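Because the structure is a prediction, the values reported are computed rather than measured.
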Amino acid sequence: SGATWYHQTQFTTKVDHNLSNNHRLSGHFVWTERPRMQVDLASLWDPNDAANGGGPLANSKLQKVTSRRVAVNDSYTFGATILNVASFTYGRYRNPSYAFDNSGKNWPAELGVGSGADNFPTISFGSAVNGISTTRIGNQWNDYYVSNAFIWNDTLSWVKGRHTFK
């Protein structure tokens, strides 16, 4: 069997403070680390080399996913019927994926094909012939995705009789 694994570590904290009877400030922070190893058992997998990602022809990837989020809310009550809430949130999500070959070899140099990522090069056998195709071997997982989100919101609510206006 493969050596797929997943682990998540998360820290969350929240703070609330009443500045006055009408004014409240609150916020939270979330820190998350999610490393995981994914193996594709449909690829050429060597069960004797599981610690090295299944060998150089396996399609294993190591993802070191992280995310951070911070939010601040400012609430102010203008009398019994009017409430203003202003909020700001920033979030960052990182999803780097690395071809995993823990053998320590620089495969492009070993094979004499120049330089590049340390993983064994991907080998493709071309397009399907008469509707029959073959699966590529090797590992193509070397990419990096980052998302930054900034959210600003300000809401004024007014209650008048049985009606609420925002």
- Item | Joint hydrophobic cluster, L83 plus F165, side-chain heavy atoms closer than 4.5 Å | no
- Message: Does anything in residues 74-97 form a ring-ring contact (aromatic ring centres under 6.0 Å, His included)? List the pairs, not counting sequence neighbours.
- Response: H23-Y76, Y76-F78, Y90-F150
- Message: According to salt bridge (Lys or Arg N to Asp or Glu O under 4.0 Å), does anything in residues 64-93 pair up with another residue at least two apart or in another chain? List the pairs.
- Response: E33-R68
- Query: Short question: side chain of T77, backbone of G79 - any donor-acceptor pair under 3.5 Å?
  - Reply: no
- For N21, look at atom CG and say whether over 12 heavy atoms of other residues, nucleotides or ligands are found less than 6.0 Å away. no
- Message: Do T164 and W158 have side chains that approach each other closer than 4.5 Å (heavy atoms only, starting at C-beta)?
- Response: no
- Distance, nearest 0.5 Å, that separates CE of M37 from NZ of K61: 11.0 Å
- Query: Under a 4.5 Å cut-off applied to non-hydrogen side-chain atoms, are V30 and Q10 in contact?
  - Reply: yes
- Roughly how far apart are S147 OG and N95 CG, rounded to 0.5 Å? 11.0 Å
- Would N84 and D154 count as a side chain to side chain contact (heavy atoms under 4.5 Å, CB included) if you check the C-alpha gap in whole Å, the side-chain angles of each, and the deciding distance to 0.1 Å? CA-CA 7 Å; N84 187 71; D154 192 6; 3.0 Å; yes
- Query: Below 4.5 Å, heavy atoms only, C-beta onward: do K14 and S26 meet side chain to side chain?
  - Reply: yes
- Message: Is there a path of hydrophobic side-chain contacts, each under 4.5 Å between heavy atoms of I/L/V/M/F/W/Y residues, joining F29 to W152?
- Response: yes
- Within-4.5 Å side-chain heavy-atom neighbours: L156 and I82: yes
- Message: Surrounding NZ of K160 (heavy atoms of other residues, nucleotides or ligands, distance under 6.0 Å), is the total greater than 12?
- Response: no
- When rounded to the nearest 0.5 Å, the distance separating OH of Y145 from CZ of R94 is 13.0 Å
- Message: Other members of the hydrophobic cluster containing V72, with the 4.5 Å side-chain heavy-atom rule, please.
- Response: L19, L25
- Which atom of S87 lies closest to which atom of N73, heavy atoms considered: CB-OD1, 2.8 Å
- Mind checking the OG-CZ spacing from S75 to R24? Nearest 0.5 Å is all I need. 7.0 Å
- Note, Q8 side chain near P35 side chain (heavy atom, < 4.5 Å): no
